[in-house]
Number of protein chains: 2
Amino acid sequence: MTVAVIGSLQRMGRWAPDARGRLQQAAMELYTERGYDRTTTADIAERAGLSERTYFRHFADKREVLFDSTGRLEQLVVAGVRDAPADAAPLTAVAAGLDDGAQLLDSFGDDARARAAVVGGHPELAERELAKLSAMARAVGEVLRERGVPDPAAALTAEAGVAVFRVAFEQWAVAPGRPPFPAVLTAALAELRTAVAGG
Amino acid sequence: MTVAVIGSLQRMGRWAPDARGRLQQAAMELYTERGYDRTTTADIAERAGLSERTYFRHFADKREVLFDSTGRLEQLVVAGVRDAPADAAPLTAVAAGLDDGAQLLDSFGDDARARAAVVGGHPELAERELAKLSAMARAVGEVLRERGVPDPAAALTAEAGVAVFRVAFEQWAVAPGRPPFPAVLTAALAELRTAVAGG
DNA sequence: CACCGCCATGACAGTCGCTGTCATCGGTAG
DNA sequence: CTACCGATGACAGCGACTGTCATGGCGGTG
């Protein structure tokens, strides 16, 4: 059926549109159906109606195909921190940015949770996710520096904030009843404040 | 000259001793001399006087050869957290464990800094380091749970503590005059407390 | 209308990371 | 002495990833 869709769309031009999106969808399907390590990049390309070579023109490696959303997440969070009130305390500004990110992930709903299950199920993918979140922390730290926060406070606040985000996300991804992610995040941040103050 | 050493030692048995250590040393040398991506696993094995196949019997992939020390670090930190006074607050217990780890890294001195430079210079290696530290955070969180700390406080305290460790390490790795790492770590932890309290 | 250059894609060959499998042979236990 | 053990080598093979060249609709230009 995927083939049929591609066939009908092909009339619109030389190539079926949205090759990148088709690759992402094919990858999610295959990683879910067979598992990450029993899926080859050639499999993904074939299901998307493309050659393996073209896969690598769109994504740097076998893992990147799952991490487009992470890039948008980082942009959103960074913008949120930058746009926080100038007089907001560093951690408060970070919390504002992360809250924007939490709303985005929440809007993805079950898709975000399905993706989290796949990523969490394979070490290579989990590793890449950590790298993406680390990049987000660096970016947030840089924005804090632009806001006048000196080091190492900027780096520490950014890393702590992203750590809270990660813990809250892992909690939310497996929580029953799909609670709103922003609420989970806010609660986690409050927990951190208590833990650091009390310890 | 490496060959000469191996030759003389070979008389002590069928194989030169400490194949694993030779592989680690060869890898550090080559990654430093030529860079990570211009070194093949066959190169490493050859310099260590072994076959490529044997390399993969000692290390799971091309990256792991640099991360033996991280395993020992985790064991030490976990033990330190476990052995902290039972009435110590969670973050205080974590700080005690991390301080043990800081002393270990400090004792490695310039070797630790050289290794950090190599790891920091290559995305694949940096990614693996993040994964190792994440594993350490999980292990620390587990110990906190054993100490009676409930979730999500356990996970959050562990992640925040390891985040402080990471920031302090990056700072220390490039700091002039080689300050003692435990002191850098303690200062970073104090900074975090201030940042969280103030924000 | 005829031409042309653009560019996403396909095709193909090659390198390297990593694995499965079998053979080798000193050391060690019995 | 023999029989086994265990670290290693040798070799074949798969899959991730790259460099390079060819293809052919599409849009603009004369």
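Keep in mind it's a predicted model, so treat the numbers as computed, not measured.
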What pairs of donor and acceptor atoms, side-chain ones from residues 74-91 of chain A against any protein atom, are under 3.5 angstrom apart with sequence neighbours left out?
none

- Item | Whole angstrom value for the distance that separates P of D/dC17 from CG of A/D43 | 14 Å
- Sequence neighbours left out, what passes side-chain hydrogen bond (donor to acceptor under 3.5 Å, both in side chains) with B/T40? Give chain and number order. B/D43
- Query: Please give, in whole Å, the distance from C/dG17 C1' to B/Y36 OH?
  - Reply: 9 Å
- Message: What is the distance, to the nearest angstrom, from the CG atom on B/L23 to the P atom on C/dC18?
- Response: 14 Å
- Query: Would you say B/T40 reaches C/dC16's phosphate, i.e. side-chain N/O to OP1/OP2 under 4.0 Å?
  - Reply: no
- Please say whether more than 12 non-hydrogen atoms of neighbouring residues, nucleotides or ligands are located less than 6.0 Å from CD in A/E46. no
- Task: Kindly work out whether a path of hydrophobic side-chain contacts (I/L/V/M/F/W/Y, heavy atoms less than 4.5 Å apart) joins A/L30 to A/L50.
- Result: yes
- Message: If I take atom CG from residue A/L105 and atom CZ from residue A/R113, how far apart are they, to the nearest 0.5 angstrom?
- Response: 12.0 Å
- Task: Select base, sugar-phosphate, or nothing to describe what B/A42 touches, counting heavy atoms under 4.0 Å on all strands.
- Result: nothing
- side chain to side chain contact (heavy atoms under 4.5 Å, CB included) with A/L66: of A/H122, A/R128, A/M28, only one passes, and it is A/M28
- With sequence neighbours left out, write down each residue that passes side chain to side chain contact (heavy atoms under 4.5 Å, CB included) with B/V167, or none if nothing qualifies. A/A155, A/L156, A/E159
- Item | Length of the CZ-C1' vector between B/R38 and C/dT15, whole Å | 16 Å
- Sequence neighbours excluded, which residues qualify as ring pair (Phe, Tyr, Trp, His ring centres under 6.0 Å) partners of B/F56? none
- Note on the structure: Residues in residues 50-63 of chain B with a heavy atom under 4.0 Å of DNA chain D, by number, are B/L50, B/S51, B/R53, B/T54, B/R57, B/H58
- Message: Regarding B/E142 and B/R147, does a basic nitrogen lie under 4.0 Å from an acidic carboxylate oxygen?
- Response: no
- Mind calculating the distance between CH2 (A/W15) and P (D/dG25) to the nearest angstrom? 9 Å
- Task: Take the protein atom CG of A/D18 and the nucleotide atom C1' of C/dA8, then report the distance between them rounded to whole Å.
- Result: 14 Å
- Please work out which residues in residues 116-128 of chain B have a non-hydrogen atom less than 4.0 Å from an atom of DNA chain D and list them by number. none
- Query: Between atom CD in A/E46 and atom P in D/dA16, what is the gap in whole Å?
  - Reply: 13 Å
